[in-house]
Amino acid sequence: MADDIEPADLRPWMGNLVVIRVDGAGADTGYTYSFYSQFFTGRFGTDKAGQSVDALPDGPRDIIRAEYDRVVSENIPVSRVYTADFDGLTQTWERLVLPLFNLDGQVDKLLVAAYELER
């Protein structure tokens, strides 16, 4: 459950974490960055905390929304390895998305860990 996680316990991985707030349900579900690590801010040039996932470019946004929708609807973790172009630099990343539940048993946050893999 989301309330069971102590942020201090996550300190060793904090640089590679993102927390997404889940708003609404069904077709109206929205996703907002509630924590975006300083590492990612430096790496990708902007702090996305407080921003909607919908502000991402079309291609990445659609992939990420589908991934988050699956975690929320199926109540299961999802992982993937992907290679993409980031401002002219090809990078391979591994991601894990974990559902965090509220007291009513609904997914209300997503904990996302992402690590760049060496090629």
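Just the heavy atoms: all of them, side chains too, but no hydrogens, waters or symmetry mates, feed the values below.
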Should Glu67 and Val97 be marked as a side chain to side chain contact (heavy atoms under 4.5 Å, CB included) after you check the CA-CA gap, both sets of side-chain angles, and the distance that decides it?
-> CA-CA 8 Å; Glu67 183 176 74; Val97 182; 3.6 Å; yes
Hey, mind stepping through Asp85 and Gln91 against side chain to side chain contact (heavy atoms under 4.5 Å, CB included) and telling me if it holds?
-> CA-CA 6 Å; Asp85 182 299; Gln91 300 173 358; over 6 Å; no
Side chain to side chain contact (heavy atoms under 4.5 Å, CB included) between Val107 and Asn75, intermediate numbers included = CA-CA 7 Å; Val107 177; Asn75 296 330; 3.3 Å; yes
Report the C-alpha distance between Lys48 and Leu56 in whole Å, list the side-chain angles of each, state the deciding distance to 0.1 Å, and finish with yes or no for side chain to side chain contact (heavy atoms under 4.5 Å, CB included).
-> CA-CA 10 Å; Lys48 295 188 183 320; Leu56 295 171; 3.8 Å; yes
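Thr29 and Asp23 are not linked by any side-chain donor-acceptor pair at a separation below 3.5 angstrom, with hydrogens and angles left out of the test.
Between Leu117 and Val81, some side-chain heavy-atom pair lies under the 4.5 Å cut-off. Taking 4.5 Å as the limit, some side-chain heavy atom of Val18 sits within range of a side-chain heavy atom of Tyr33. Counting heavy atoms from C-beta outward, Thr92 and Glu116 have side chains that stay 4.5 Å or more apart. Considering only heavy atoms from C-beta on, Thr83 comes within 4.5 Å of Thr90 through its side chain. Annotation: side chain of Arg43 is not in contact with side chain of Gln38 (no heavy-atom distance under 4.5 Å).
Here the closest heavy-atom approach between residue Gly15 and residue Ser37 is recorded as O-OG, 2.7 Å. A pairwise comparison of heavy atoms in Ser79 and Leu96 identifies CB-CD1, 4.1 Å as the closest pair. Shortest non-hydrogen contact noted between Ser34 and Ala49 is O-CB, 4.5 Å. Of all the heavy atoms in Val53 and Ile20, the pair that sits closest is CG2-CD1, 4.5 Å. The two atoms that bring Pro77 and Leu98 nearest to each other are CB-CD2, 3.7 Å, heavy atoms only.
Contacts of Asp58 classified as salt bridge (Lys or Arg N to Asp or Glu O under 4.0 Å), with partners at least two apart in sequence or in another chain: Arg61.
Between Phe40 and Tyr36, the ring planes lie tilted relative to each other; the angle falls in the 30° to 60° range.
For Asp108 (side chain) and Val22 (main-chain N/O), no donor-acceptor pair under 3.5 Å exists by modelled atom type. Under a 3.5 Å cut-off, the side chain of Asp104 and the backbone N or O of Gln106 do not form any donor-acceptor pair.
Within the structure, the ring pair (Phe, Tyr, Trp, His ring centres under 6.0 Å) test picks out the following pairs touching residues 47-74 (sequence neighbours left out): Tyr31-Tyr68.
Cluster annotation: Val72 is not connected to Ile63 through the hydrophobic network of ILVMFWY side chains, with a link wherever side-chain heavy atoms come within less than 4.5 Å. Grouping the Ile, Leu, Val, Met, Phe, Trp and Tyr side chains by contacts below 4.5 angstrom, directly or via other members, places Tyr115 with Leu111.
Between Glu94 and Arg80, no side-chain nitrogen of the basic residue sits less than 4.0 Å from a carboxylate oxygen of the acidic one, so the salt-bridge criterion is not met.
Atom-to-atom distance recorded for Asn16:CG and Arg95:CZ is 12.0 Å, nearest 0.5 angstrom.
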